[in-house]
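Chain letters run A, B, ... following the sequence lines, proteins first, then strands; residues in each count from 1.
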Amino acid sequence: MRLSRFPLATTKETPSDAEIISHQLMLRAGFIRKLGAGLYTWLPIGLRVLKKVENIVREEMDRAGALEVLMPTIQPGELWKESGRWDVMGYEMLRFKDRHKNDFCYAPTAEEVITFHVRQDIRSYRQLPINYYQIQTKFRDERRPRFGLMRGREFLMKDAYSFHMDAEDLSREYYNMREAYIRVFTRVGAAFRAVKADSGNIGGALSEEFHILANSGEDLLAVAEGGTYAANVEAAECKPTGKRAAASAALEKVSTPGQKTCDQVSKFLNVPLTGKVKLLVVHAAEGQPHALIGIALRGDHQLNEVKASKHPKVKSPFKMATPEEVQAAFGCETGYLGPIKCPIPVIADHAAFEVADFVCGANENDHHLKGANWGRDAEEPETADLRAIVEGDASPDGVGVIKFYRGIEGGHVFQLGKKYSKAMNLTVLDEKGQAVTPEMGCYGIGVSRLVAAVLEQSNDAGGMIWPDAIAPFRVIVCPIGMDKSEAVKAAAEKLYADLNAAGIETALDDRGARPGSMFADADLIGIPHRVVIGDKSLATAQFEYKSRKAEKAEMIPASLEAVLEKLRG
RNA sequence: CGGGGCGUAGCUCAGCUUGGUAGAGUGCUUGCUUCGGGAGCAAGAAGUCGCAGGUUCGAAUCCUGUCGCCCCGACCA
């Protein structure tokens with residue numbers, strides 16, 4: 001591509017409404033332009049990168065045996081009513097009516113549509129398993145779109161849906177997709193991690209997210225150093241150790257005027273935070289004997305609200321009791337609550353259950369208890385995994401120590417089970433002629449998000465640094481004084497033609513710009529390989545080569561072969 | 001949805017408190033000089049000051065409404 005014919009809309013200034021580096025760079029380098037909140041146009045150079053990522057995804061899906069389809073972005077509301085999600089989905093789903101006043105929505109996902117088609121066409125077990133995928137625009141009306149392409153409203157997504165006769169075959173395909181995802185993320189040059197995700201489904205349904213590691217990531221990941229365990233902190237388990245020291249101290253009520261927080265009490269009584277048990281009061285689930293329920297946590301731990309919401313005795317979604325409700329139930333302020341002589345039922349987190357001789361609130365203003373013990377001073381409580389995992393915890397699988405990383409969710413593989421096939425009455429006949437409801441899996445990759453995510457972990461002060469596999473061009477040829485020197489012009493044109501002939505996507509900066517601006521643009525748009533041709537280097541029959549990642553340029557022989565050698569580098 | 005902020009030249013912003021001829025930088029056009037890390041000088045084109053009302057002799061500026069966008073939070077998956 002001749003840059004004189006290819007508008008490079010680069011700017012020096014950083015747009016004020018871009019918060020994260022990938023968003024800033026994509027605007028500055030002219031990859032995207034904003035049309036509205038969460039809506040972006042891909043300009044020619046940016047689109048080249050998007051298409052490359054898209055093709056890698058397509059190749060790997062094809063290789064894994066999935067079949068590409070293309071479903072409409074506009075979906076009939078009827079199907080969503082059939083699955084029951086029309087009323088469940090919130091404002092995230094953009095709804096509208098056509099001229100006949102029929103309900104429609106802009107696709108946020110496509111389980112309903114694909115299930116509808118499979119129901120039309122798939123009748124026999126002989127036709128299964130099957131895995132359909134598409135790479136198509138989605139729209140989710142996020143309440144707060146942000147971070148450019150990272151959380152846009154309209155985005156490009158690869159979504160795949162597989163159908164199976166039984167859970168075993170679903171599991172096989174799940175791992176098949178997982179392998180395909182590993183290949184995709186590896187090929188686009190991302191440093192990533194597959195982590196266990198929130199798997200709410202009963203029946204051992206598996207769910208894993210593929211995260212690109214980046215400090216700007218919205219998700220926190222718990223990864224075992226020296227082990228293989230990795231999970232989204234929302235889903236990271238905390239296992240009981242099964243050990244608790246015997247009670248050795250006598251129960252004693254002490255005056256702790258004004259000491260309301262765990263930190264304050266810990267310092268005031270000179271006991272470590274790990275020796276304190278705190279009690280959170282939350283709303284109980286419908287049908288529980290008491291409207292409130294207490295959750296006991298060790299002093300240094302935080303509640304994991306996802307886990308709490310899933311506990312059968314806790315109201316979902318999770319809701320904390322108000323100070324007034326606590327006062328009514330306990331007759332004291334929230335700073336002095338404890339599980340001993342507690343007026344409401346208590347569930348203890350495993351870690352809180354394993355503390356002996358602990359300090360806790362006395363359920364009386366300005367007083368705490370010392371030397372408290374489960375079993376002796378209160379009934380042995382029901383226990384559950386309720387706390388958030390913390391760095392330094394032992395890995396739940398027993399191998400390694402937990403460390404936190406930030407990640408950007410780029411993909412998700414999920415065993416759906418029969419949720420949609422059942423709701424939408426999809427059945428196929430098995431070899432005995434019996435109708436069977438197929439098992440489903442779904443597998444997504446945020447294609448446009450992946451572009452931003454890779455960039456998020458691959459940039460420097462000069463701008464973008466694209467991996468070869470998804471760079472808009474692999475090589476940029478920068479002739480110095482092309483207008484003045486026939487030799488430079490001829491050499492640059494020849495190299496440009498030769499590289500293209502060799503199948504290398506090459507940009508020729510024939511704009512006649514000054515060297516400074518040429519180099520700055522080449523760096524900003526992140527072309528991985530740069531060849532500079534000037535009279536000085538040609539005098540010694542040399543080109544100047546610089547890798548985008550390298551500090552300095554180096555001289556190479558002025559030949560196509562020498563350049564190709566560097567690309568193989 | 002709650003709180004805060006911003007809409008002025010293609011882009012980034014000043015001007016608004018205290019009403020009186022529309023500004024800068026950058027980008028763009030032309031010319032001359034320059035030419036290895038975003039050049040210099042000169043000339044030039046470019047804005048119904050988000051939109052609609054109102055107050056006023058006069059509104060970018062004050063008031064009301066409205067739309068759009070951004071940030072924090074909550075919410076959702």
Side-chain angles (χ1 to χ4, degrees), chain A residues 7-20 23-24 27-30 32-40 43 85 87-94 108-109 111 138-148 151-153 155 157 159 197-201 207 209 218-219 232 234-235 305-306 309-310 316-320 409 412 414 416 419 442 444 446 460-463 476-485 488 492 509 511-525 530-539 542-546 548 551-553 555:
Chain A
L8 270 194
T10 57
T11 63
K12 275 183 276 191
E13 298 180 71
T14 300
S16 60
D17 61 354
E19 292 271 303
I20 59 171
H23 189 197
Q24 293 172 355
L27 288 169
R28 276 189 57 205
I32 56 170
R33 287 291 179 252
K34 186 165 96 166
L35 181 61
L39 301 173
Y40 293 88
L43 296 180
R85 285 210 288 182
D87 297 320
V88 177
M89 295 290 281
Y91 289 106
E92 188 177 271
M93 187 160 79
L94 178 64
T109 177
E111 281 86 1
K138 300 288 184 304
F139 187 91
R140 291 182 190 170
D141 199 356
E142 298 280 346
R143 268 188 208 176
R144 188 135 105 78
R146 55 181 136 181
F147 303 143
R151 187 169 285 280
R153 292 197 291 177
F155 54 95
M157 180 180 178
D159 46 326
D198 182 13
S199 77
N201 268 30
S207 172
E209 294 166 349
E218 293 186 275
D219 289 282
N232 194 314
E234 283 186 355
E305 296 189 13
V306 174
S309 293
K310 280 191 195 157
S316 180
F318 165 88
K319 187 162 181 274
M320 289 288 284
E409 186 186 345
H412 199 161
F414 191 49
L416 282 175
K419 181 172 175 184
C442 74
D460 66 11
I476 184 164
V477 177
C478 299
I480 308 284
M482 196 180 184
D483 301 335
K484 296 278 162 52
S485 165
V488 167
D509 196 343
R511 296 174 299 171
R514 305 165 64 80
S517 358
M518 260 196 299
F519 298 158
D521 272 348
D523 286 350
L524 178 57
I525 62 180
R530 188 185 78 189
V531 178
V532 179
I533 300 176
D535 276 323
K536 283 182 206 164
S537 63
L538 285 182
Q542 287 180 306
F543 293 153
E544 177 186 301
Y545 167 83
K546 183 179 170 299
R548 178 63 181 79
E551 283 289 317
K552 286 191 170 175
M555 302 308 290

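- The distance from atom CZ of Arg514(A) to atom P of rG36(B) is 7 Å, rounded to the nearest whole Å.
- By the 4.0 Å N-to-carboxylate-O rule, Lys484(A) lies too far from Asp535(A) to be salt-bridged with it.
- Taking the P atom of each, rU61(B) and rG19(B) are spaced 12 Å apart, rounded to whole Å.
- Nucleotide rU66(B) forms a Watson-Crick or G-U wobble pair with rG50(B), both donor-acceptor distances falling under 3.5 Å.
- If you take NZ of Lys34(A) and C1' of rG7(B), they are 11 Å apart, rounded to a whole angstrom.
- As rounded to the nearest Å, rG15(B) and rA59(B) have C1' atoms that lie 14 Å from one another.
- The same atom, C1', is picked in rG36(B) and in rU30(B); the two are 27 Å apart, to the nearest Å.
- Between Asp460(A) and Arg548(A), the shortest heavy-atom distance links the atoms OD1-NH2, 2.7 Å.
- In summary, Glu19(A) and Arg146(A) do not engage in a salt bridge, as defined by a charged side-chain N under 4.0 Å from a carboxylate O.
- Remark: Glu111(A) engages Arg85(A) in a salt bridge, criterion side-chain N to carboxylate O under 4.0 Å.
- Here, rC62(B) and rU17(B) have their P atoms 5 Å apart, quoted to the whole Å.
- If you take atom P in rC16(B) and the same atom in rC75(B), they sit 41 Å apart, rounded to whole Å.
- Put simply, CD on Glu218(A) is 16 Å from P on rA77(B), counting in whole angstrom units.
- Among the protein residues, Arg28(A) comes within range of the nucleic acid bases, having at least one heavy atom under 4.0 Å from a base atom.
- In this structure, Glu19(A) reaches the sugar-phosphate backbone alone: every heavy-atom distance under 4.0 Å involves primed, P, OP1 or OP2 atoms, never a base.
- Atom P of rU48(B) sits at a distance of 13 Å from the matching atom of rA52(B), rounded to the whole Å.
- At whole-Å resolution of the value, CG in Leu8(A) and C1' in rC11(B) are 16 Å apart.
- Close to rU34(B), at under 4.0 Å from its OP1 or OP2, lies no side-chain N or O of Lys484(A).
- Nucleic acid contact class of Gly534(A) (heavy atoms, under 4.0 Å, all strands): base.
- The distance from atom OH of Tyr91(A) to atom P of rC1(B) is 8 Å, rounded to the nearest whole Å.
- Residue Leu43(A) contributes atom CG, which lies 18 Å from atom P of rG10(B) at whole-angstrom precision.
- Ranked by how close their nearest RNA chain B nucleotide is to the 5' end, Glu234(A) and Phe519(A) are led by Phe519(A).
- A cation-pi arrangement is present between Arg530(A) and Phe519(A) under the rule of less than 6.0 angstrom and at most 45 degrees off the ring axis.
- As a whole-Å value, the separation of His412(A) NE2 from rA77(B) P is 14 Å.
- Side chain of Val532(A), nearest nucleotide from rG36(B), rU12(B), rC70(B): rG36(B).
- Side-chain atoms of Arg530(A) lie closest to rG37(B) of the nucleotides rU26(B), rG37(B), rC69(B).
- Between the C1' atoms of rU64(B) and rA45(B), the separation comes to 38 Å (whole Å).
- Counting to the nearest Å, the P atom of rG73(B) and the CZ atom of Arg146(A) are 7 Å from each other.
- As rounded to the nearest Å, rU8(B) and rC13(B) have C1' atoms that lie 9 Å from one another.
- Taking 4.0 angstrom as the limit, Arg144(A) places a side-chain polar atom (N or O) nearer than this to OP1 or OP2 of rC71(B).
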